[in-house]
There are 2 protein chains.
Amino acid sequence: MTSRGGKRMGAGRPKGTNHYGEPTKPVRIPVSKIDRVLRFVREREDMVPLYGNEVPAGFPSPADDYAEGVLDLNTHLVREPTATFFVRARGDSMIGAGIHDGDLLVVDRSLEATNGKVVIVSINGELTVKRLRQAKGRTWLVPENPDYPPIDFQEQDDTHLWGVVTNVVHSL
Amino acid sequence: MTSRGGKRMGAGRPKGTNHYGEPTKPVRIPVSKIDRVLRFVREREDMVPLYGNEVPAGFPSPADDYAEGVLDLNTHLVREPTATFFVRARGDSMIGAGIHDGDLLVVDRSLEATNGKVVIVSINGELTVKRLRQAKGRTWLVPENPDYPPIDFQEQDDTHLWGVVTNVVHSL
DNA sequence: TTTTTGAATAATGTAACAAGATTCAAAAAT
DNA sequence: ATTTTTGAATCTTGTTACATTATTCAAAAA
């Protein structure tokens with residue numbers, strides 16, 4: 001009935017006992033995206049643990065602290081969001097570069113297409129992926145499959161270099 | 001000097017002229033994620049256009065409406081965020097399945113490891129990726145490279161099946 | 001010694017506010 | 001009559017304030 005607590009050292013909820021372990025700030029979000037944003041911040045939706053070759057001690061629960069070794073695929077694979085697009089690979093002409101039929105290619109238009117890079121080129125209205133080779137003042141689009149011949153490349157009306165392939169996503 | 005505007009129909013900034021074309025609400029966000037969240041809501045960071053084999057008419061600007069043909073890698077590759085982890089592949093024993101040394105493997109623990117699936121297994125404290133084969137009442141871990149022999153698999157103290165590989169991310 | 005209690009303090013969702021942006025009709029200039 | 005300037009009205013937006021909830025722990029009670 002009378003007072004029990006009172007002013008004293010250590011009373012009250014300690015700092016840092018919030019849901020995230022760090023301070024928060026209100027940020028104005030468009031209503032249609034509030035759900036996505038809350039899922040992202042609350043459930044670490046796209047932060048997935050990354051292991052090396054050692055056996056993980058146990059599978060971390062979402063409540064655990066992924067202080068290190070977490071990976072967000074968007075940030076990891078898309079460096080320049082506004083200059084990036086995806087293309088689905090067709091055929092097996094680049095099988096030697098690890099590009100299989102149906103793979104998803106991440107293409108960055110902001111990277112310079114230098115000798116040896118794998119590039120996306122449109123020829124006669126069709127997209128194709130090849131390795132760029134510059135030698136003896138000429139440029140070649142070289143498949144990575146002995147069944148296909150290199151293509152003499154010169155940028156013309158019907159030919160355009162779209163960007164450099166940075167990653168290949170292969171589904172099993 | 002005197003009044004010029006005044007009370008009248010149509011005065012003032014019209015509704016819906018905000019940055020997003022819809023109302024906003026303050027949402028409390030952990031400080032370390034404010035940058036990511038703002039980039040997401042403002043620049044549609046992780047929505048990247050996806051093309052088929054036709055030549056894109058032009059590169060869409062971030063201001064355009066990506067009503068269709070956009071892809072978010074996290075959603076696309078990680079179906080069950082809480083049951084998913086990444087492992088970096090080592091060696092070339094699964095080269096035939098399109099898995100190269102250094103590739104990033106997306107592993108889903110919620111999928112059933114059935115015959116023919118590519119799985120992650122720990123053996124003697126080390127992680128390895130192989131294809132699961134069940135035949136004649138026995139289970140084998142089969143490499144996809146003729147240089148390596150199949151492994152007779154039985155779940156024991158030092159052996160654990162961690163999950164099914166759903167995607168392979170290969171960097172160029 | 002163990003259990004109960006409530007004062008103290010932090011966290012959190014949201015309302016409120018101040019400053020900025022935008023519009024348009026009235027006033028002024030031409 | 002036509003064009004330009006102006007500022008009141010109104011919405012947007014980043015941030016602060018606040019009321020409510022959650023949490024902790026030492027004192028009081030059992």
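So that the names make sense, note that chain A is the first sequence line, chain B the second, and so on, each numbered from 1.
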(message) Just the rounded figure in Å: distance from C1' of C:dT14 to CG of A:Leu38.
(response) 13 Å

(message) For D:dA28, give the paired nucleotide (Watson-Crick: N1-N3 plus N6-O4 or O6-N4; G-U: N1-O2 and O6-N3; both under 3.5 Å), or none.
(response) C:dT3

(message) Using 0.5 Å steps for rounding, measure from the CZ atom of B:Arg131 to the CE atom of B:Met94.
(response) 5.5 Å

(request) Quickly work out the B:Lys25 NZ to C:dT12 C1' distance and round it to whole Å. (result) 13 Å

(request) Determine whether the side chains of A:Lys130 and A:Thr128 contain a donor N or O and an acceptor N or O closer than 3.5 Å. (result) yes

(message) I want to confirm an ordering. Mapping B:Pro26 and A:Thr17 to their closest nucleotides on DNA chain D, which one lands closer to the 5' end?
(response) B:Pro26

(request) Identify which nucleotide among C:dA10, C:dT14, C:dC17 has an atom closest to any side-chain atom of A:Lys15, counting heavy atoms from C-beta outward. (result) C:dA10

(message) Which is more 5' along DNA chain C, the nucleotide nearest B:Pro14 or the one nearest B:Val27? Just name the residue.
(response) B:Val27

Show every donor-acceptor pair shorter than 3.5 Å between a side-chain atom in residues 134-141 of chain A and any protein atom, with sequence neighbours excluded, or say none if there are none.
{"unit_1": "A:Gln134", "atom_1": "OE1", "unit_2": "A:Asn115", "atom_2": "N", "d": "3.3"}
{"unit_1": "A:Arg138", "atom_1": "NH2", "unit_2": "A:Asp152", "atom_2": "OD2", "d": "2.4"}

Under 3.5 Å donor-acceptor pairs involving side-chain atoms of residues 163-172 of chain B, not counting sequence neighbours:
{"unit_1": "B:Thr166", "atom_1": "OG1", "unit_2": "B:Val106", "atom_2": "O", "d": "3.3"}
{"unit_1": "B:Asn167", "atom_1": "OD1", "unit_2": "A:Ser171", "atom_2": "OG", "d": "2.8"}
{"unit_1": "B:His170", "atom_1": "ND1", "unit_2": "B:Asp103", "atom_2": "OD1", "d": "2.7"}
{"unit_1": "B:His170", "atom_1": "NE2", "unit_2": "A:Ala97", "atom_2": "O", "d": "3.3"}
{"unit_1": "B:Ser171", "atom_1": "OG", "unit_2": "A:Asn167", "atom_2": "OD1", "d": "2.7"}

(message) If I take atom CD1 in residue A:Ile29 and atom C1' in nucleotide D:dT15, what distance separates them, rounded to the nearest angstrom?
(response) 14 Å

(message) Output the rounded distance in Å from CD (A:Glu22) to P (C:dT12).
(response) 11 Å

(message) Taking the minimum atom-to-atom distance to the side chain of A:Arg28, which one of C:dG13, C:dT23, C:dC17 wins?
(response) C:dC17

